[in-house]
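Order of appearance sets the numbers: ligands from 1, and atoms from 1 within every ligand. FYI, the numbering just counts along the sequence from 1.
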Amino acid sequence: MTNALYILSLSLSELTKQLQESALSPEEVFYTYLEKTLDVHQKLNCCTEIILDSFEQLKTIGSCKRGILYGVPLSLKENLLLKNHDSSCGVVKYLNQPADDDCVLVKVLKEQGAIPFVRTNFPQALLNYDCSNPIYGQTLNPHNLQKTAGGSSGGEAALIGAGGSVIGIGTDIGGSARIPASFCAICGFKPTAGRLSSKGCKSIFRGQKTVLSTPGPMARDVDSLALFMKAEICEQMVFLDPTTPLLPFDEGSRNSLRIGYFDCIEQTPTSPSMTRGVQEVKALLEQAGHTLVPFTPVRILDMAELMSKGALADGGATFLQQLEGSPVDPVLHAQVAMYRLPICLRKVLAFILKPFWPSGARLLRSSDCVNDTIAQWRRLNLDVVLCPIIGPAFNFCYCGKLMSMVPHSMTYNLLNFCAGVVPVSTVTEEDERNLCHLDKGGWFNRVLKKAITGGVGLPVAVQCVALPWHDELCLRFMKEVEELVKKARKDEGANANGKVYLIYDFH
Ligand SMILES: CCCCCC/C=C\CCCCCCCC(=O)NCCO
């Protein structure tokens with residue numbers, strides 16, 4: 001194995017160890033990742049710029065030798081502010097407006113010895129889970145170039161999934177760190193909003209207090225996500241952003257868990273592989289001695305309505321205003337068409353739609369989704385919940401037509417629970433055959449079938465959820481799922497051929 005292949009094969013924990021012990025130098029790691037990133041970008045169009053300041057930072061990195069991420073090259077989604085760089089969010093009017101300062105997360109990471117070296121792509125205006133904008137174009141999926149990488153942190157997912165970065169940061173208000181992770185076979189984590197500083201994470205909207213956005217790490221394995229959280233959660237982050245809590249990162253230990261699970265949500269399209277992923281992981285968790293309890297999400301229709309009204313409280317007016325003077329990317333056409341409809345016409349349509357798509361048509365009603373959900377967890381005495389995440393990767397321009405699937409991820413932004421995604425399987429021929437069941441389920445199911453047809457071999461992931469501020473427990477649950485799946489695949493391989501190998505191994 002060449003030195004480059006060796007470096008690229010290391011997990012984040014292994015890489016930091018080798019750098020700290022001077023078995024590898026920051027220079028050789030940096031240039032190896034830079035070369036790989038340029039190669040991956042040529043194929044997938046996942047990056048927006050190489051951060052030239054990183055070459056300067058590399059020269060003085062020795063002063064950060066004690067940092068948790070000393071010498072680690074790191075990728076960033078473009079909406080994380082970087083001093084002297086634009087954060088356009090794909091909107092023309094935000095070009096040529098360089099930031100005055102780095103965002104807090106980047107400041108802390110630099111102190112911890114990380115070297116931000118590349119910025120990554122996203123969908124125009126960030127409120128979509130595809131990954132295309134008129135400035136940087138469409139990002140492709142590393143596992144099938146005819147499919148989207150997902151979004152909005154799709155550039156991160158594609159780059160990490162293809163091996164061009166070992167750790168990166170996305171942002172998530174509706175699933176943007178988790179959905180692209182599911183599409184690209186990596187792990188993505190949405191912490192409880194507020195646990196990590198959001199200061200300097202740009203959105204094109206102000207407000208959005210009902211559904212909370214948060215930055216979150218993305219990487220090939222769960223340990224890397226945990227190491228990232230440990231590096232960020234420190235006194236300096238609280239000093240720079242005192243709105244974050246003085247809550248040290250608790251590595252803890254893994255005990256037997258009581259796990260709620262569900263494999264679909266009422267009124268929300270779900271693919272056959274999403275359901276199968278949950279069922280298979282449920283069986284593995286039971287075999288490992290955990291207790292699995294059926295869980296029915298409460299008030300899901302109320303929540304869907306709050307998501308929509310919370311993220312777009314003005315009915316999309318600001319969204320349209322921000323796009324003025326910008327060409328509108330094709331991935332947004334379905335959304336923009338809807339936001340452009342006059343309010344009176346929307347009301348008439350809502351009335352007509354009500355019997356077929358109640359969640360899309362209900363008026364805002366008062367309800368306490370957070371406390372009702374917590375009460376449900378307490379009644380069942382749950383530690384965590386296992387559930388589906390949107391997937392497998394869609395054909396281009398379908399995400400905007402399938403906002404009806406967003407409750408699979410956005411529910412946990414609305415509730416402000418923490419949630420993460422772990423790849424567990426691949427789409428089988430049988431999953432593909434089972435797509436015919438979607439023909440019966442109404443218009444959105446038929447659109448979903450078109451979006452995911454031709455997906456055999458694509459990654460399948462599950463979602464792990466924990467209560468607010470239980471980020472460490474959520475990560476430990478994700479780690480348990482990751483390990484059980486790896487072990488099961490090894491055993492499957494051993495049983496099939498009498499020798500041990502990994503069937504499921506994207507990296
Ligand atoms: C029943 C349907 C409910 C739909 C609610 C849709 C409301 C708004 C659209 C949000 C789409 C979210 C996609 C993911 C975006 C994301 O997380 N962006 C990160 C920004 O930092």
Quick check on contacts: which atoms of ligand 1 are under 4.0 angstrom from a heavy atom of [X]?
| X | result |
| --- | --- |
| G175 | 17 (O) |
| S213 | 21 (O) |
| A304 | 1 (C), 3 (C) |

Should [X] be counted as touching ligand 1, given the test is an N or O pair under 3.5 Å?
| X | value |
| --- | --- |
| M307 | no |
| I173 | yes |
| S176 | yes |
| S152 | yes |
| K77 | no |

Taking atom types as modelled and ignoring hydrogens, do the side chains of [X] and [Y] form a donor-acceptor contact shorter than 3.5 angstrom?
| X | Y | value |
| --- | --- | --- |
| D329 | S132 | yes |
| D241 | S197 | yes |
| T192 | D471 | yes |

(message) Just checking W377 against F417, ring centres under 6.0 Å apart?
(response) yes

(request) Have a look at M403, K190, M303 and point out the one with the heavy atom closest to atom 4 (C) of ligand 1. (result) M403

(request) Mind running side chain to side chain donor-acceptor pair (under 3.5 Å) on N141 and T148 for me, showing each step along the way? (result) CA-CA 5 Å; N141 190 297; T148 176; over 6 Å; no

(message) For R119, is there an ion pair with E49 - N to carboxylate O distance below 4.0 angstrom?
(response) yes

(request) Start with the C-alpha distance between K147 and N395, add both sets of side-chain angles, then the distance that settles side chain to side chain donor-acceptor pair (under 3.5 Å), and finish with yes or no. (result) CA-CA 5 Å; K147 303 273 180 179; N395 296 323; 2.9 Å; yes

